*Asks:* 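So that we are looking at the same thing, I have put the structure below in structure tokens.
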Amino acid sequence: MTIALASPSLDLFDSWSATVAEFGGVHIDGAGLDRGVVPDRAACEEFIAKAELYGAADAELPEGHVPCDYFWITDDGEVVGFIAFRRALNDWLRSYGGHIGYSVRPSRRRQGVARAALDLVVDRARAQGYDRVMLTCDGENVGSYRTIEGAGGVLAGTVDRPADMADDRTGRLLQYWIEL
């Protein structure tokens, strides 16, 4: 396994499309995609433009949005997941989203992919001068909270999932900080 972070690119369209399709139309944390997106070439091109905009240092973003670096998690050049590093926190992210969000395609879970990608993004945050980063996860998602805790995450609190989240899940979100 050779986990790396790739900038979104049409060169990876086929494996990006297969990965998005494997999620079956549900919300994909860290992917920067609308729920139910059809993973065709037009959607990929649209997302690449979005990633370039949100990643630009001087971008004028829509009200309430923050700068964000989107990455495709790859293994030997194939997309196996998504991870996003939000370079700032607004009020909503401070409660519900955090700096980092990620998802691994169902067929590649429980293989260390999320942990390896999280370590790579944490290293980037450290190199950019961040003292700590926040992550949240569903209180029922044992794999995710173990991944965060394995990366040094310390539970800071819990909060009820808001009704306006991009998915239909309910319950508590766990809020973690990783000191860098």
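The structure presented is a predicted model; accordingly, all values stated were derived computationally and were not measured.
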*Asks:* Taking atom OH of Y54 and atom OH of Y70, what is their separation to the nearest 0.5 Å?
*Replies:*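 Here the interatomic distance stands at 6.5 Å.
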
*Asks:* Under the side chain to side chain donor-acceptor pair (under 3.5 Å) rule, collect the residues that match up with T147, sequence neighbours excluded.
*Replies:*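 Side chain to side chain donor-acceptor pair (under 3.5 Å) check on T147 returns nothing, list empty.
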
*Asks:* Is it the case that atom CZ in R94 sees more than 12 heavy atoms from other parts of the structure closer than 6.0 Å?
*Replies:*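 Correct, the count exceeds 12.
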
*Asks:* Can you tell me how far the CD1 atom of I100 sits from the OG1 atom of T136, to the nearest 0.5 Å?
*Replies:*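 Nearest 0.5 Å value for the CD1-OG1 distance: 11.0 Å.
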
*Asks:* Could you tell me if R41 sits above the aromatic ring of F13, with its cationic atom closer than 6.0 Å to the ring centre and no more than 45 degrees from the axis?
*Replies:*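 Pair R41/F13 counts as cation-pi.
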
*Asks:* If Ile, Leu, Val, Met, Phe, Trp and Tyr residues are connected whenever their side-chain heavy atoms lie under 4.5 Å apart, and connections chain through other members, are I148 and V159 in the same group?
*Replies:*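 Different clusters: I148 never reaches V159 through Ile, Leu, Val, Met, Phe, Trp or Tyr contacts under 4.5 Å.
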
*Asks:* Just wondering, do F82 and V20 contact through their side chains at under 4.5 Å, heavy atoms?
*Replies:*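 Result yes, sub-4.5 Å side-chain heavy-atom pair found.
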
*Asks:* May I ask whether W16 and I3 are part of the same hydrophobic cluster, defined by side-chain heavy atoms of I, L, V, M, F, W, Y residues being less than 4.5 angstrom apart, directly or through others?
*Replies:*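 W16 and I3: separate clusters.
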
*Asks:* How many angstroms lie between atom CG of L89 and atom CE of M134, to the nearest 0.5 angstrom?
*Replies:*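 Spacing of CG (L89) from CE (M134) equals 7.0 Å.
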
*Asks:* Would you confirm whether R86, through its side chain, and V66, through its main-chain N or O, come within 3.5 Å as a donor-acceptor pair?
*Replies:*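 Checked: no pair found.
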
*Asks:* With a 4.5 Å limit on heavy-atom distance, are the side chains of C137 and Y176 in contact?
*Replies:*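 They are in contact (side-chain heavy atoms under 4.5 Å apart), so the answer is yes.
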
*Asks:* From L120 CG over to F85 CZ, what is the distance, rounded to the nearest 0.5 angstrom?
*Replies:*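 Result: 13.5 Å between the selected atoms.
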
*Asks:* Can you find a heavy atom in the side chain of Y102 that is under 4.5 Å from one in the side chain of S144?
*Replies:*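 Yes, at least one pair of side-chain atoms sits under 4.5 Å.
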
*Asks:* Is there a donor-acceptor contact under 3.5 Å from the side chain of Y130 to the main chain of V122?
*Replies:*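 Not confirmed, Y130 side chain does not pair with V122 backbone.
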
*Asks:* Mind checking whether M1 and F71 sit in one hydrophobic cluster, side chains of I, L, V, M, F, W, Y counted as touching below 4.5 Å?
*Replies:*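 They do share one cluster, since a chain of ILVMFWY contacts under 4.5 Å joins M1 to F71.
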
*Asks:* Does any non-hydrogen side-chain atom of F47 lie less than 4.5 Å from one of E52?
*Replies:*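 Not in contact.
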
*Asks:* Applying side chain to side chain contact (heavy atoms under 4.5 Å, CB included), run through E45 and L10 and close with a yes or a no.
*Replies:* CA-CA 7 Å; E45 290 171 348; L10 284 176; 3.9 Å; yes

*Asks:* Is a side-chain N or O of N90 found less than 3.5 angstrom from the main chain of L93, in a donor-acceptor match?
*Replies:*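 Yes; judged by distance alone, with no hydrogens or angles, the pair exists.
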
*Asks:* Between E22 and S107, is a side-chain hydrogen bond (donor to acceptor under 3.5 Å, both in side chains) present by the stated rule, with each step listed?
*Replies:* CA-CA 8 Å; E22 190 172 321; S107 64; 2.8 Å; yes

*Asks:* Closest approach of S9 and I48, non-hydrogen atoms and distance?
*Replies:*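 The pair with the smallest heavy-atom distance is C-CD1, 3.6 Å.
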
*Asks:* Side chains of L155 and Q175: does their closest heavy-atom pair fall under 4.5 Å?
*Replies:*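 L155 vs Q175: side chains apart.
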
*Asks:* Is T158 close to L173 at the side-chain level, that is, under 4.5 Å between some pair of heavy atoms?
*Replies:*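 No, too far: nothing below the 4.5 Å cut-off.
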
*Asks:* So, the side chain of R35 versus the backbone of I28: is there a donor-acceptor pair under 3.5 Å, distance only?
*Replies:*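 Looks like no, no N/O pair under 3.5 Å.
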
*Asks:* To check you understand the geometry: which heavy-atom pair defines the closest contact between A43 and V37, and what is its length?
*Replies:*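 Closest heavy-atom pair between A43 and V37: CB-CG2, 3.8 Å.
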
*Asks:* Counting only heavy atoms not in E60 (residues, nucleotides, ligands), do more than 12 fall under 6.0 Å from its CD?
*Replies:*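 No - once you tally the heavy atoms of other residues, nucleotides and ligands closer than 6.0 Å, there are 12 at most.
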
*Asks:* According to a 4.5 Å side-chain heavy-atom criterion applied to Ile, Leu, Val, Met, Phe, Trp and Tyr, with indirect links allowed, do Y145 and V154 form part of one hydrophobic cluster?
*Replies:*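 No, no single cluster joins them.
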
*Asks:* May I have the step-by-step check of side chain to side chain contact (heavy atoms under 4.5 Å, CB included) for R172 and E140, ending in yes or no?
*Replies:* CA-CA 8 Å; R172 306 284 288 167; E140 303 295 317; over 6 Å; no

*Asks:* Do L5 and L33 belong to the same hydrophobic cluster, where Ile, Leu, Val, Met, Phe, Trp and Tyr are linked whenever their side-chain heavy atoms lie under 4.5 Å apart, directly or via other members?
*Replies:*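 Different clusters.
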
*Asks:* With a 3.5 Å distance limit and no angle check, can you tell me whether S17 reaches the backbone of D40 through a side-chain donor-acceptor pair?
*Replies:*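 Side chain of S17 to backbone of D40: no pair is present.
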
*Asks:* Calculate, to the nearest 0.5 Å, the distance between atoms CG and CG belonging to L135 and L118 respectively.
*Replies:*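 Result: 6.0 Å between the selected atoms.
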
*Asks:* W177 and H99: which non-hydrogen atoms are nearest, and at how many Å?
*Replies:*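 Shortest heavy-atom contact: CZ3-CE1, 4.1 Å.
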
*Asks:* Starting at CG of D160, measure out to OH of Y96 and round the result to the nearest 0.5 Å.
*Replies:*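 Here the rounded value is 8.0 Å.
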
*Asks:* Looking only at atom types and distance, does a side-chain atom of R126 sit under 3.5 Å from a main-chain N or O of L180, one as donor and one as acceptor?
*Replies:*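 Pair found, side chain donor or acceptor close to backbone of L180.
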
*Asks:* Could you tell me which non-hydrogen atom of L12 sits nearest to which non-hydrogen atom of A6, and how far apart they are?
*Replies:*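 For L12 and A6, the tightest heavy-atom pair comes out as CD1-CB, 3.9 Å.
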
*Asks:* List the atom pairs, donor and acceptor, that lie under 3.5 Å between side-chain atoms in residues 73-81 and the rest of the protein, sequence neighbours left out.
*Replies:*
unit_1, atom_1, unit_2, atom_2, d
T74, OG1, A4, O, 3.4
D75, OD1, T2, N, 2.8
D75, OD2, R108, NH1, 3.3
D75, OD2, R108, NH2, 2.7
D76, OD1, T2, OG1, 3.2

